[in-house]
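Down below is the structure, laid out as structure tokens.
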Amino acid sequence: MGGGVMVVSGLTLFVIALLIFALALVLLGVRTVPQGQEWTVERFGRYTRTLQPGLHLLLPLVDRIGRKQSMMETVLDVPSQEVITRDNAMVTADGVVFFQVIDAAKASYEVNNLELAILNLTMTNTRTVMGSMDLDELLSQRDQINARLLGVVDEATSPWGVKVTRIEIRDIQPPRDLVDSMARQMKAERDRRASILEAEGQRQAAILRAEGAKQAAILQAEGRREAAFRDAEARERSAQAEAEATRLVSDAIAGGSAQAINYFVAQRYVDALTAVAAAPNQKVLFMPLEAANVIGAIGGIAEIAREAFPNRPPNQPASPGAAAVPPQAPRGPWNRDERNRDEPKRSDAPVPPES
């Protein structure tokens, strides 16, 4: 009876142990892959499949996890290195590389130490690309350098299941003496451009001033021509008026009226005396003229007035209350010769006053 109890107890322990072992095996086969990673599965050392993010069940003691690859974009720092350009200039350059694993199996089994491989590949191609360019191109065409590096490295890493998304040259440092030479060259170029711009400005200013002077001269010449034309026209009209007045006087004289010329001469004589008397700079007026001439001119004007009113009796006064004046011949310079023929010579002209 006691032996049977012992056999039952031993069987129970064996079953319990077997259950625990089975539970342990199940727990060993359960795997959870986090987001952003992919794991490879190896069965007896051979790749079988890739585990995506989530819960997976493996065969215990048969399958195992091989490599764990991050599927997120990764950044590698490219250390500084010296590069000799095509024109034998020594520069120091560094940069960064951005890549992403596309195929976890290839990244795990096609290359050993993926990051080191990408880093060395980038450094060697950086020396190749930058060494094929001159220093000026190297400093001014950094985008072109990045594009060429990206194309070369991405093509080389495609068999590894990797996609290189970007390569950036971070810094390019030429030697100090070369930097100083470049600074002097840049300053000389700036001075040359400034001189050219200044000369161009002076040339444009001179051209504009010359154009302005030309236009001013043209306008002045046109103004003088217009003024001369108008002066000539005014003189022509004045001469025409003078000629017309002279013609009228000549017609009057030819018609038998000799008093017209007397009126013409008397008018000019009186106008001349008026101009002399009205001059503002004359303080003392000298009359170096014969009074007989003035009286004769006034007599000529009176004779013209008598001819204009022939119906009035000769002894009738011009206005009421005026005394009658006996008719007499006018005395003036135009009838002095007739008077001298009939009368003896005498000096009846008043003596001009002494100054």
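FYI, side chains are in, hydrogens and waters are out, and symmetry mates aren't considered; it's all heavy atoms of this structure.
Here the shortest heavy-atom pairing between R31 and L58 reads CG-CD1, 3.8 Å. Here the shortest heavy-atom pairing between P53 and P34 reads CB-O, 3.6 Å. The shortest non-hydrogen separation linking A107 to L114 is CB-CD2, 4.1 Å. Closest of all the heavy-atom pairs between Q37 and S70 is CG-CA, 4.3 Å. When all heavy atoms of V91 and P174 are compared, the closest pair comes out as CG1-CA, 3.9 Å. Between T50 and A104, the shortest heavy-atom distance links the atoms CG2-CB, 4.2 Å.
By the salt bridge (Lys or Arg N to Asp or Glu O under 4.0 Å) test, D77 pairs with R170, sequence neighbours left out. The salt bridge (Lys or Arg N to Asp or Glu O under 4.0 Å) search around E38 returns none, not counting sequence neighbours. When the side chain to side chain donor-acceptor pair (under 3.5 Å) test is applied to E226, the partners found at least two apart in sequence or on another chain are R230. Applying the side chain to side chain donor-acceptor pair (under 3.5 Å) test to D136 and every residue at least two apart in sequence or in another chain returns nothing. Residues passing the side chain to side chain donor-acceptor pair (under 3.5 Å) test with E198: none are found, sequence neighbours excluded. Applying the side chain to side chain donor-acceptor pair (under 3.5 Å) criterion to R64, with sequence neighbours excluded, gives E42. S181 meets the side-chain contact (heavy atoms from CB on, under 4.5 Å) test with R184; sequence neighbours excluded. Residues satisfying the side-chain contact (heavy atoms from CB on, under 4.5 Å) criterion with I207, sequence neighbours excluded, are R203, E211.
Other residues, nucleotides and ligands contribute at most 12 non-hydrogen atoms within 6.0 Å of the CD atom of Q185. Within 6.0 Å of the CD1 atom in I84, the count of heavy atoms belonging to other residues, nucleotides or ligands does not exceed 12. Remark: R192 CZ is packed, more than 12 non-hydrogen atoms of other residues, nucleotides or ligands lying under 6.0 Å away. For N112, the CG atom counts as loosely surrounded, since its 6.0 Å shell holds 12 or fewer non-hydrogen atoms of other residues, nucleotides or ligands. Environment of CD in E155: sparse, with no more than 12 heavy atoms of neighbouring residues, nucleotides or ligands closer than 6.0 Å. No more than 12 heavy atoms of other residues, nucleotides or ligands shown are found within 6.0 angstrom of CD on E82.
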D171 vs Q173, side-chain hydrogen bond (donor to acceptor under 3.5 Å, both in side chains): CA-CA, chis, key distance, verdict: CA-CA 6 Å; D171 191 13; Q173 295 180 354; 2.7 Å; yes
Step-by-step side-chain contact (heavy atoms from CB on, under 4.5 Å) determination, T92 to V83: CA-CA 6 Å; T92 302; V83 179; over 6 Å; no
Stepwise side-chain hydrogen bond (donor to acceptor under 3.5 Å, both in side chains) check, E200 with Q204: CA-CA 6 Å; E200 184 69 19; Q204 292 293 336; 3.3 Å; yes
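For the side-chain contact (heavy atoms from CB on, under 4.5 Å) with V152, the qualifying choice from N125, T122, V164 is N125, the only one to do so. The side-chain contact (heavy atoms from CB on, under 4.5 Å) with V97 is formed by just one residue from the set L149, T157, T74, I118; it is I118.
Under the 4.5 angstrom side-chain criterion for Ile, Leu, Val, Met, Phe, Trp and Tyr, M186 has no cluster partners at all. Clustering of Ile, Leu, Val, Met, Phe, Trp and Tyr by side-chain heavy atoms under 4.5 Å joins Y47 with Y109. Using a 4.5 Å cut-off between side-chain heavy atoms of Ile, Leu, Val, Met, Phe, Trp and Tyr, V75 falls into a hydrophobic cluster with V96, F98.
In this structure, V162 and I102 have side chains that are not in contact, with every pair of non-hydrogen atoms separated by 4.5 Å or more. Within the 4.5 Å cutoff, the side chain of D134 has no heavy atoms near those of the L138 side chain. With contacts defined as side-chain heavy-atom distances shorter than 4.5 Å, the pair M133/T85 does not qualify. With a 4.5 Å cut-off on side-chain heavy atoms, T165 and L150 do not count as touching. Here the side chains of Q69 and S108 are in contact, with some heavy-atom distance below 4.5 Å. Contact annotation: the side chain of D94 never approaches that of Q81 to less than 4.5 Å [non-hydrogen atoms, C-beta and beyond]. Contact check for M123 versus T126: no side-chain heavy atoms found under the 4.5 Å cut-off.
Applying the ring pair (Phe, Tyr, Trp, His ring centres under 6.0 Å) definition to pairs two or more places apart or across chains, none involves residues 172-212.
Atom CZ of R142 is separated from atom CD of E137 by 14.5 Å, given to the nearest 0.5 angstrom.
Both F99 and I169 belong to a common hydrophobic cluster when Ile, Leu, Val, Met, Phe, Trp and Tyr are linked at side-chain heavy-atom distances under 4.5 angstrom. The hydrophobic clustering, which links ILVMFWY residues whose side-chain heavy atoms are closer than 4.5 Å, places L116 and V111 apart. Following chains of ILVMFWY side-chain contacts shorter than 4.5 Å, one can reach V101 starting from V153, so the two form part of one hydrophobic cluster.
Seen from the ring of W39, K68 counts as a face-on cation partner, given the 6.0 Å and 45° thresholds.
Judged by distance alone, the side chain of T48 and the main-chain N or O of V41 form a donor-acceptor pair under 3.5 Å. Using modelled atom types, one side-chain atom of Q100 and one backbone atom of M71 make a donor-acceptor pair closer than 3.5 Å.
Salt bridge R166/E168: present, at least one basic N to carboxylate O contact under 4.0 Å.
For the 3.5 Å distance criterion, the side chains of E115 and N113 fail to qualify, holding no donor opposite an acceptor.
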